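As the structure lists them, so they are numbered: ligands from 1, and atoms in each ligand from 1. This chain uses plain numbering: 1 for the first residue, then up along the sequence. Note that the structure is a prediction, hence the values are computed from the model and not measured.
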Amino acid sequence: MKTFWNKSGSNGSGAVKYKANGHLIAFNQVSKIYETSAGSFTALRDVDLRIDKGEFVSIVGKSGSGKTTLINMLTGIDRPSDGEIYVTGAAVHELDEGEIAVWRGKNVGVVFQFFQLLPTLSVLENVRLPMDFGGVFDRQERDDRAMHLLELVGIEDQADALPAKLSGGQQQRAAIARALANDPPIIATDEPTGNLDSHSSTKIIRLFEDLVSRGKTILMVTHDDELAGRAMRTIRLADGKVVL
Ligand code: ADP
Ligand code: MG
């Protein structure tokens, strides 16, 4: 029996510090300032966060409040201007670009609003792709695992189809299966239902609930208060600050 869900995060980068006081995710006084030709703009201001394994957390706030910036800090897609970010034992704010890429590949599955599947690859090949680069699973395991993940998200009958043949909801399921490819402990997602009708959105949320029941930790940015309410906890941002 293969293990599809690891018990805790592994970091891919050797010696890293762990100063998260036992939390899976810890932000300590994180700020992000964007420098633009019009001057500097503070998108996140002294953000403190503690998130534990198995939590399903929604992140809400008006457009421009800093939600995407916060997710980009968590995944290491962008770097903080100040503060510390500890995720799955890694000091994300201290890793260099190469280390972040390796770490993210094993520790955080990212799901975007517009799916971002590769159009010329089949659905199965899209899901297998992160494993092809991950170096964790051998060839036969990768195919088996990709198929298992498609079963898990309920679109195994679309394995050989090109993404364009799928509905929006099915494409997002494929993107979630791809995010799970290397068995990361965390799924980070920015407006995953922003391009879906309410019926498909509800199904995606149910899938997230199922993944949380299997031990995953999920952070979901949404501007839909009803969907946000399905999470166990909601973090609200206003002008780059966490508010109650
Ligand atoms: P949200 O996702 O909540 O809509 P964002 O995190 O995308 O908010 O943006 C927060 C603020 O930071 C916005 O005012 C936005 O215009 C600004 N911002 C985001 N990214 C950049 C960037 N790369 N350069 C300059 N300003 C940015
Ligand atoms: Mg955004």
With the side chain counted from C-beta on, respond yes when Ile100 and His93 share a heavy-atom pair under 4.5 Å apart, and no when they do not.
no

Going only through I, L, V, M, F, W and Y residues with side-chain contacts under 4.5 Å, is there a path from Met232 to Ile187?
yes

Tell me which protein heavy atom sits closest to [atom], plus the residue, atom name and distance to 0.1 Å.
atom                    : result
atom 7 (O) of ligand 1  : Thr68 CB, 3.6 Å
atom 5 (P) of ligand 1  : Thr69 OG1, 3.7 Å
atom 27 (C) of ligand 1 : Tyr34 CD1, 3.2 Å
atom 11 (C) of ligand 1 : Phe41 CE2, 3.4 Å
atom 8 (O) of ligand 1  : Gly66 N, 3.2 Å

Salt bridge (Lys or Arg N to Asp or Glu O under 4.0 Å), that's the test. Do Arg173 and Glu156 meet it? Break it down for me.
CA-CA 10 Å; Arg173 284 166 181 276; Glu156 66 275 18; over 6 Å; no

Looking only at N/O atoms, are Gly64 and ligand 1 under 3.5 Å apart anywhere?
yes

Do Lys67 and Asp190 meet the salt-bridge criterion of a basic N to acidic O distance under 4.0 Å?
no

With a 4.0 Å cut-off, would you call Arg214 and Asp210 a salt bridge?
yes

Check contact between Lys62 and ligand 1, using heavy atoms of the residue and a distance below 4.0 angstrom.
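Yes, that is the case, since the closest heavy atom of the residue is under 4.0 Å from the ligand.
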
Say whether Gly61 and ligand 1 are in contact under the criterion: heavy-atom distance to a ligand atom below 4.0 Å.
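Judged by the 4.0 Å heavy-atom criterion, Gly61 does not count as contacting ligand 1.
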
Can an N, O or S atom be found in Thr69 less than 2.8 Å away from the Mg ion (ligand 2)?
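It does not: Thr69 brings no N, O or S atom closer than 2.8 Å to the Mg ion (ligand 2).
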
So, applying side chain to side chain contact (heavy atoms under 4.5 Å, CB included) with Leu219, which one of Val108, Ile25, Ile235 is it?
Ile25

Per-atom contacts of ligand 1 with Thr36, taking only distances under 4.0 Å to non-hydrogen atoms:
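Result: 25 (C).
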
Could you tell me, atom by atom, which parts of ligand 1 come under 4.0 Å of a heavy atom of Ala43?
12 (O)

Could you tell me whether atom 19 (C) of ligand 1 has a protein heavy atom closer than 4.0 Å?
yes

Can you check atom 16 (O) of ligand 1: any protein non-hydrogen atom closer than 4.0 Å?
no

Do Thr234 and Ser58 have side-chain atoms, one donor and one acceptor, less than 3.5 Å apart?
yes

